[in-house]
Amino acid sequence: MNVQPFVIERSEPRGDLPALEVEHLGFSYGDRRALDDVSFTIEPGEIFGFLGPNGGGKTTLFRILSTLVAPQAGTAQALGYDLGGATIEVRRRLGVVFQHPSLDQKLTVAENLAHHGRLYGITGDRLRGRSALMLEQMGVADRSHDLVETLSGGLQRRVELAKALLHEPELLLLDEPSTGLDPAARREFHANLAALCARQRVTIVLTTHHMEEAERCGRIGILHEGRLVAMAPPSELKSRVGGDVIVIRAASPESLGRKLAQRFGVNGALVDGTLRIERPRGHELVREMVEQFGDEIESVTFGKPTLEDVFIHLTGHRFSGESASSQP
């Protein structure tokens with residue numbers, strides 16, 4: 001079968017438009033609502049992350065943004081082009097790294113990039129030059145003649161990124177990019193992303209369920225059961241949680257919560273059998289609680305808010321659990 005190359009013939013950039021602009025986006029699988037009235041804007045040059053547990057709506061959103069499926073409700077534009085109607089123009093400007101590897105394991109690194117480049121109409125000296133540059137920037141130039149199957153997971157992710165950048169996209173989408181990577185490889189991968197964003201002003205949008213990965217984004221949007229419940233820099237989101245977070249385990253957390261409200265005027269929230277309290281200078285309250293109700297307390301911890309605390313604060317659910325509706 002003859003495959004026609006996806007030739008890159010871009011029109012001029014369309015001014016200083018948002019990289020992504022989505023309004024009232026909706027999508028359902030039968031009677032299950034995967035995305036519910038989602039709206040956001042992502043500016044050029046951002047590193048933006050969508051954080052959410054499995055079932056929160058990240059996968060469906062990624063499919064729409066990468067033009068794999070069209071929106072069912074609302075509007076979505078990438079770089080000024082309609083995601084539902086101008087998919088060719090969008091794809092010419094789009095780089096995608098999927099959650100599951102898309103490299104051919106039986107080909108060399110260079111052969112993978114060569115095949116990808118030809119799909120975009122890149123051949124000859126330009127193809128060789130772009131491939132060499134991308135592999136050099138991703139730190140895998142010395143492995144260009146190695147079979148992909150011989151590379152570690154972290155190196156394969158670098159090759160995936162080099163391949164996605166081969167045709168000079170303006171927008172890079174990454175779906176759970178650190179899947180299968182150990183913490184050190186994950187940090188290294190995100191250092192590459194930050195350098196790429198600074199060097200080429202590529203807009204990077206990723207989905208993740210890793211808190212550490214989300215912390216490295218300039219802004220994040222938190223998805224829960226198909227809704228975008230918050231969007232801001234990670235530090236700003238954590239500042240919205242009221243001071244320290246105290247987590248108490250007790251034989252009867254409901255009874256203890258009532259006593260703490262009467263004695264100290266604090267209102268705790270019951271989350272998965274624990275009592276959680278948000279309070280400035282939490283160590284002072286911990287000392288007083290232990291003095292008054294030590295016999296009823298099994299354990300108590302406190303610390304500065306994390307993104308998981310933000311998620312619990314916003315939704316009343318732990319982040320690690322599946323969403324109630326188990327949506328895609």
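No side-chain heavy atom of Val202 sits less than 4.5 Å from a side-chain heavy atom of Cys197. Met134 is not listed as a side-chain neighbour of Met138, based on a closest heavy-atom distance of 4.5 Å or more. You'll find the side chain of Pro18 reaches within 4.5 Å of the side chain of Thr41, heavy atoms only. A 4.5 Å side-chain heavy-atom check between Ile42 and Thr203 finds at least one atom pair inside the cut-off. In this structure, the side chains of Leu237 and Ile222 come closer than 4.5 Å at one or more pairs of heavy atoms. Side-chain contact between Tyr120 and His116 is present, with heavy atoms from C-beta onward closer than 4.5 Å. Side-chain contact between Leu25 and Ile64 is present, with heavy atoms from C-beta onward closer than 4.5 Å. Within the 4.5 Å cutoff, side-chain heavy atoms of Leu83 are placed close to those of Val90.
Using a cutoff of 4.0 Å between basic side-chain nitrogens and carboxylate oxygens, Glu176 and Lys58 are scored as salt-bridged. Ionic pairing of Glu188 and Arg157 is not present here: no N-O contact between side-chain nitrogen and carboxylate oxygen is shorter than 4.0 angstrom. Classification of Arg279 and Asp244 as a salt-bridged pair fails, no side-chain N sitting under 4.0 Å from a carboxylate O. Salt-bridge formation is detected for the pair Asp309/Arg276: a Lys NZ or Arg NE/NH1/NH2 atom is positioned less than 4.0 Å from an Asp or Glu carboxylate oxygen.
Put simply, Val69 and Val205 are part of the same group of oily side chains (I, L, V, M, F, W, Y) that touch within less than 4.5 Å, one to the next.
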Steps toward side-chain contact (heavy atoms from CB on, under 4.5 Å) verdict (Leu172, Leu94)
CA-CA 6 Å; Leu172 181 63; Leu94 187 64; over 6 Å; no
Decide yes or no on side-chain contact (heavy atoms from CB on, under 4.5 Å) for His167 and Ile122, but give the supporting numbers first.
CA-CA 8 Å; His167 61 290; Ile122 308 173; 4.0 Å; yes
Begin from the C-alpha positions of Glu284 and Arg281 and carry the test salt bridge (Lys or Arg N to Asp or Glu O under 4.0 Å) through to its verdict.
CA-CA 6 Å; Glu284 296 177 354; Arg281 302 181 63 81; 2.6 Å; yes
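Judged by distance alone, the side chains of Tyr29 and Thr60 do bring a donor and an acceptor atom under 3.5 Å apart. No hydrogens or angles considered: nothing links the side chains of Thr123 and Arg118 as a donor-acceptor pair under 3.5 Å.
A search for side-chain contact (heavy atoms from CB on, under 4.5 Å) contacts involving Thr75 returns Glu23, not counting sequence neighbours. Residues satisfying the salt bridge (Lys or Arg N to Asp or Glu O under 4.0 Å) test with Arg199, not counting sequence neighbours, are none. Residues that satisfy the salt bridge (Lys or Arg N to Asp or Glu O under 4.0 Å) test with Glu136, not counting sequence neighbours, are absent from this structure.
Scanning both residues, Leu20 and Ala78, for their nearest heavy atoms gives CD2-CB, 3.7 Å. Here the closest non-hydrogen pair linking Ala232 and Arg240 is CB-NH2, 3.6 Å. Shown here for Pro234 and Ala214, the closest heavy-atom pair between the two residues is CG-O, 3.7 Å. Annotation for Ala76 and Asp82: closest pair O-OD1, 3.3 Å, computed over non-hydrogen atoms.
A centroid separation of less than 6.0 Å is found between the aromatic rings of His224 and Phe311.
Taking CZ of Arg143 as the reference point, atom OG1 of Thr150 lies at 5.0 Å (rounded to 0.5 Å).
Phe319 pairs with exactly one of Ile312, Leu51, Leu307 by the side chain to side chain contact (heavy atoms under 4.5 Å, CB included) rule, that one being Leu51.
Here ring pair (Phe, Tyr, Trp, His ring centres under 6.0 Å) pairs that include residues 37-56, with residues two or more places apart or in two chains, are Phe40-Phe50, Phe48-Phe50.
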What donor-acceptor contacts under 3.5 angstrom involve side-chain atoms of residues 96-112, with partners at least two apart or in another chain?
residue, atom, partner, partner atom, Å
Ser102, OG, Glu160, OE1, 3.0
Ser102, OG, Lys163, NZ, 2.9
Asp104, OD1, Lys106, N, 3.0
Gln105, NE2, Gln156, OE1, 3.1
Lys106, NZ, Glu149, OE1, 2.9
Thr108, OG1, Glu111, N, 3.1
Thr108, OG1, Glu111, OE1, 3.4
Glu111, OE1, Thr108, N, 2.9
Asn112, OD1, Asp104, N, 2.8
Asn112, ND2, Asp104, O, 3.1
Asn112, ND2, Thr108, O, 3.0

List, one per line, each side-chain donor-acceptor pair under 3.5 Å for residues 248-265, sequence neighbours excluded.
residue, atom, partner, partner atom, Å
Lys259, NZ, Glu296, OE1, 3.2
Lys259, NZ, Glu296, OE2, 2.9

